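Just so it is clear: chains get the letters A, B, ... in the order the sequence lines come, proteins before strands, and each one is counted from 1. The structure presented is a predicted model; accordingly, all values stated were derived computationally and were not measured.
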2 protein chains.
Amino acid sequence: MSTSIKDVAAQAGVSVGTVSNVLNHPARVSPATVKRVQRAIGALGFVRNDAARQLRAGASRTIALIVFDAANPFFTDLARGAEDAASTEGYSVVLANTSESDERESGYLDLFEEQRVRGILISPYGDVEDRLVALKGFGIPSVLVDRVSENEKFSSVSVDDVAGGLIAVEHLLGQGRRKIGFVGGPAGIPQVRDRRHGAEKAVSQTPGAALTVFDTTATTVLEGRRIGEVIVGMAPGERPDALFAANDLVALGLLQALVVSGKLTVPDDIALVGYDDIDFATSAIVPLTSIRQPSALMGETALKLLSDEASDPQLKPQRIIFQPELVIRASA
Amino acid sequence: MSTSIKDVAAQAGVSVGTVSNVLNHPARVSPATVKRVQRAIGALGFVRNDAARQLRAGASRTIALIVFDAANPFFTDLARGAEDAASTEGYSVVLANTSESDERESGYLDLFEEQRVRGILISPYGDVEDRLVALKGFGIPSVLVDRVSENEKFSSVSVDDVAGGLIAVEHLLGQGRRKIGFVGGPAGIPQVRDRRHGAEKAVSQTPGAALTVFDTTATTVLEGRRIGEVIVGMAPGERPDALFAANDLVALGLLQALVVSGKLTVPDDIALVGYDDIDFATSAIVPLTSIRQPSALMGETALKLLSDEASDPQLKPQRIIFQPELVIRASA
DNA sequence: CTCGTTTTTTGAAACGATTCAATGCTCTGG
DNA sequence: CCAGAGCATTGAATCGTTTCAAAAAACGAG
């Protein structure tokens with residue numbers, strides 16, 4: 001049906017081996033022949049059949065990136081970093097969004113296993129480490145992103161959330177605030193837990209400082225608003241003079257509730273620090289001080305680790321932990 | 001290296017043809033044999049090699065979705081719709097994000113052509129119709145999303161943005177507002193142009209109504225804020241009593257500027273309608289009245305069209321246009 | 001002009017599945 | 001007991017590349 005390498009060979013008057021060499025190792029072929037073959041390719045509109053190539057060559061040039069929430073700006077930034085790195089290394093990245101479904105996550109793992117992708121970048125949703133071990137045995141390496149490997153079997157790229165919580169609250173303490181509120185939850189989420197631990201650590205190092213925890217059922221704008229209203233309703237003596245939110249969505253919700261009330265100003269009455277430094281943080285009513293994670297760099301790094309592991313499967317797993325960074329704006 | 005269908009056949013004591021039938025046409029094989037083969041598959045940890053399958057069978061079960069901004073909630077919703085539909089039709093969807101780069105868009109088209117994907121869902125960024133025509137001749141159909149096909153060669157799924165503009169402004173007029181402001185730009189973007197045309201149409205149908213256009217350089221929160229400050233600074237007599245924003249980001253920016261000024265209230269002094277109904281619209285300071293596009297449904301529909309076209313290439317292109325819907329909240 | 005070396009080209013053998021005509025087997029009815 | 005129908009199974013051919021040992025061609029030195 002479609003033109004194959006054989007047709008190209010006939011058209012150019014060379015053997016199929018030569019055409020293949022033009023495609024994959026041009027240096028081995030004389031310049032004149034290269035030109036002739038390329039002309040034939042152009043004339044016939046030949047497109048290499050990747051399935052056949054992969055079947056024979058064994059390895060694909062595709063890397064899969066599996067995330068559980070493609071809508072989260074953090075992941076889209078990370079994806080962009082991975083794509084950039086991939087294109088310089090000669091790989092292509094395809095994205096799979098599992099929409100927080102175990103079933104779909106496992107379905108995509110099946111798909112990519114059948115496709116024999118070169119490697120998998122994954123921010124796991126369900127419990128997939130066993131599955132990834134099997135894939136590794138099968139010759140498909142993985143690198144975890146935004147999550148460290150529990151059994152040390154995989155390389156991972158993540159951020160030190162304890163440090164993030166620490167610098168956020170240290171910043172608030174440094175401005176003389178003493179009654180700190182931590183807003184976030186549920187406590188089961190590793191990221192939330194770590195950020196809170198960092199906050200507790202900072203408070204415990206400063207005499208006279210205290211931390212109150214406001215638990216949320218999710219890290220959303222709505223939950224932030226709910227807590228914000230609670231705080232507005234508190235007696236002035238009880239009320240925190242600074243808030244650290246588990247992420248920027250929660251922080252934006254808090255901000256809205258405080259501003260709308262008309263009773264409290266940010267940062268004069270209450271200072272506020274968020275987490276993630278999403279685009280919206282800059283353009284909030286009061287531009288938000290936040291903790292930035294190097295999302296694109298994380299994607300880039302993860303891809304490089306994966307690429308290294310793909311070329312040398314013996315490589316032992318590396319754990320890379322980035323340090324977050326405080327971005328000071330108007331809210332604290 | 002890894003186990004092949006041949007190993008499974010040996011283990012189960014059947015021929016390779018039978019193993020293949022178990023995998024693809026279980027009905028043709030006796031139940032006892034199916035069971036025996038499946039046991040062998042399990043014991044050996046066999047995973048079908050998709051490259052070999054595709055090489056022989058000709059067609060892949062993968063559909064590519066190419067978008068130029070994976071961070072836009074509209075596209076992530078659309079992707080979710082497409083994925084849902086795909087899984088019921090037995091396809092898998094992989095995402096490619098071109099990040100508004102012509103070069104990358106064309107690179108992904110190359111990749112998917114080599115991979116012989118079953119079809120392509122694309123929200124084009126650059127000028128790729130010629131490229132898509134070539135792909136079609138090659139046996140790979142495409143369906144355009146959120147953009148109609150200029151040359152009628154492709155099926156498309158989009159939204160009637162003129163109608164969207166019309167119902168938005170009719171709603172404002174219905175509340176007695178007469179001095180309408182349209183905020184959006186640049187005028188070159190098809191979506192912006194159409195929404196504005198709809199607004200003009202509504203105004204022209206109502207005696208005494210007038211439309212002022214506030215041009216923006218991009219549809220962002222920042223630009224919305226900028227215009228919002230301009231409007232706050234206008235003399236009360238000149239000032240619009242209602243605003244229609246080209247999208248929700250602009251609307252949120254406007255809202256922030258108006259609220260922060262403390263001089264104007266929404267919706268009493270100025271009513272406000274946005275477009276897209278993004279998640280943030282609900283949780284804005286004043287919950288935003290907006291125009292909703294059925295993004296997930298659009299993805300679902302596009303995938304079905306593509307699936308139909310994949311099974312019958314003769315099918316003539318269909319143009320499906322959804323009607324947008326007014327979602328009334330507090331801002332107008 | 002010849003011999004040895006290097007560069008270029010050749011072509012057949014994989015890769016691992018699917019397909020399909022051919023064969024083997026099991027019933028059923030006469 | 002046999003012919004014929006209907007299932008189940010077989011296995012060789014095939015898809016379009018890449019690979020690599022071997023052949024051919026080109027080149028240089030003596």
Side-chain angles (χ1 to χ4, degrees), chain A residues 1-38 40-41 44-62 110-111 113-118 138-140, chain B residues 1-38 40-41 44-62 110-111 113-118 138-140:
Chain A
M1 185 62 47
S2 64
T3 67
S4 81
I5 214 175
K6 218 180 277 178
D7 306 317
V8 174
Q11 168 91 5
V14 298
S15 75
V16 295
T18 301
V19 177
S20 174
N21 278 331
V22 170
L23 256 29
N24 302 292
H25 310 280
R28 290 188 196 159
V29 183
S30 77
T33 311
V34 169
K35 198 162 288 172
R36 200 143 40 90
V37 169
Q38 280 174 339
I41 289 177
L44 296 173
F46 165 77
V47 177
R48 187 215 270 100
N49 184 326
D50 193 56
R53 173 236 254 280
Q54 198 177 311
L55 173 58
R56 180 63 242 245
S60 116
R61 302 297 296 167
T62 301
D110 289 346
L111 175 70
E113 184 174 20
E114 290 196 358
Q115 292 191 346
R116 308 290 200 270
V117 295
R118 197 60 194 274
F138 201 73
I140 302 180
Chain B
M1 188 61 49
S2 66
T3 68
S4 80
I5 215 176
K6 216 180 280 179
D7 305 317
V8 174
Q11 168 91 5
V14 299
S15 75
V16 294
T18 300
V19 177
S20 174
N21 278 331
V22 169
L23 256 29
N24 301 292
H25 311 278
R28 290 189 196 159
V29 183
S30 76
T33 311
V34 170
K35 198 163 286 173
R36 202 143 39 89
V37 169
Q38 280 174 340
I41 289 177
L44 296 172
F46 165 77
V47 176
R48 185 217 270 102
N49 184 324
D50 193 54
R53 173 234 254 280
Q54 198 176 311
L55 174 57
R56 183 62 241 254
S60 115
R61 302 297 295 168
T62 300
D110 289 346
L111 175 70
E113 184 173 19
E114 289 194 358
Q115 292 190 347
R116 309 288 200 269
V117 295
R118 197 61 194 273
F138 201 73
I140 301 181

In whole angstroms, how far is the C1' atom of C:dT10 from the CZ atom of A:Arg36?
14 Å
Between N or O atoms, less than 3.5 Å apart, protein on one side and nucleotides 22-28 of chain D on the other: list the pairs.
none

Picking from C:dT18, D:dG16, C:dT10, which would you name as closest to the side chain of A:Thr18?
C:dT10
Tell me which of B:Pro31 and A:Leu23 sits closer to the 5' end of DNA chain D, going by the nucleotide each one is nearest to.
B:Pro31
Mind running side-chain contact (heavy atoms from CB on, under 4.5 Å) on B:Asn24 and B:Arg53 for me, showing each step along the way?
CA-CA 11 Å; B:Asn24 301 292; B:Arg53 173 234 254 280; 3.9 Å; yes
Just to be sure I understand the rule, does B:Asp50 reach a base, reach only the sugar-phosphate, or reach nothing, if contact means heavy atoms closer than 4.0 Å?
nothing
Is any side-chain heavy atom of B:Arg116 less than 4.5 Å from a side-chain heavy atom of A:Asn49?
yes
Which nucleotides of nucleotides 20-26 of chain C have their base under 4.0 Å from a protein heavy atom (B), which only their sugar-phosphate (S), and which neither (-), written as one string 5' to 3'?
-------
Provide, to the nearest angstrom, the distance between the CG atom belonging to B:Asn49 and the C1' atom belonging to D:dC15.
13 Å
When rounded to whole Å, the CD to P distance for the pair A:Gln115 and C:dA17 reads 15 Å
Nearest-Å distance, CD (A:Gln54) to C1' (C:dG16)?
12 Å
Can you identify which nucleotide, out of C:dT19, D:dG16, C:dT9, has its nearest atom closest to the B:His25 side chain?
C:dT19
For a quick test of reading the model: is some side-chain N or O of B:Ser4 closer than 4.0 Å to OP1 or OP2 of C:dA17?
yes
For a quick test of reading the model, state the closest non-hydrogen atom pair linking B:Ser60 to B:Val117 and the distance between them.
OG-CA, 3.8 Å
Do the side chains of B:Ile41 and B:Leu23 get nearer than 4.5 Å, heavy atoms only?
yes
From the list C:dA17, D:dT17, C:dT9, which nucleotide is the closest neighbour of the side chain of B:Arg48?
C:dA17
Atom-to-atom span, CG of A:Leu55 to P of C:dA13 - whole angstrom
17 Å
Nearest to the side chain of A:Thr33 - C:dA17, C:dT9, D:dC15?
C:dT9
Starting at atom CD of B:Glu114, determine the distance to atom C1' of D:dG16, rounded to an integer number of angstrom.
13 Å
Would you confirm whether B:Gln54, through its side chain, and B:Gln115, through its main-chain N or O, come within 3.5 Å as a donor-acceptor pair?
yes
Which one, C:dG11, C:dG16, D:dT19, comes nearest to the side chain of A:Ser15?
C:dG11
Are any of A:Asn24's side-chain N or O atoms less than 4.0 Å away from OP1 or OP2 of D:dT18?
yes
Sequence neighbours excluded, the answer for salt bridge (Lys or Arg N to Asp or Glu O under 4.0 Å) partners of B:Asp110 is B:Arg131
Separation of C:dT18 atom C1' from B:Lys6 atom NZ, nearest Å, is 14 Å
Does A:Val14 reach a base, just sugar-phosphate, or nothing at all? Heavy atoms under 4.0 Å.
sugar-phosphate
Measure the spacing between CG of B:Asp50 and CD of A:Glu113 and express it to the nearest 0.5 Å.
11.5 Å
With a 4.5 Å cut-off on side-chain heavy atoms, are B:Arg48 and B:Ile5 touching?
no
To the nearest 0.5 Å, atom CZ of A:Arg36 lies from atom OG of A:Ser30 at 7.5 Å
Length of the line joining A:Lys35:NZ and C:dT9:P, which is rounded to integer Å
14 Å
If you define the side chain from C-beta out and look only at heavy atoms, does anything of A:Asp7 sit under 4.5 Å from A:Ser4?
yes
Is a donor-acceptor pair below 3.5 Å formed from side chain B:Arg56 to base C:dT18, judging by atom type as modelled?
yes
Sugar-phosphate, base or nothing in reach of A:Ser20, heavy atoms under 4.0 Å
base
Toward the 5' end of DNA chain D, which comes first, B:Arg116 or B:Ser30, by nearest nucleotide?
B:Ser30
At their closest point, which heavy atom of B:Leu111 faces which heavy atom of A:Thr62, and how far apart are they?
CD1-OG1, 4.4 Å
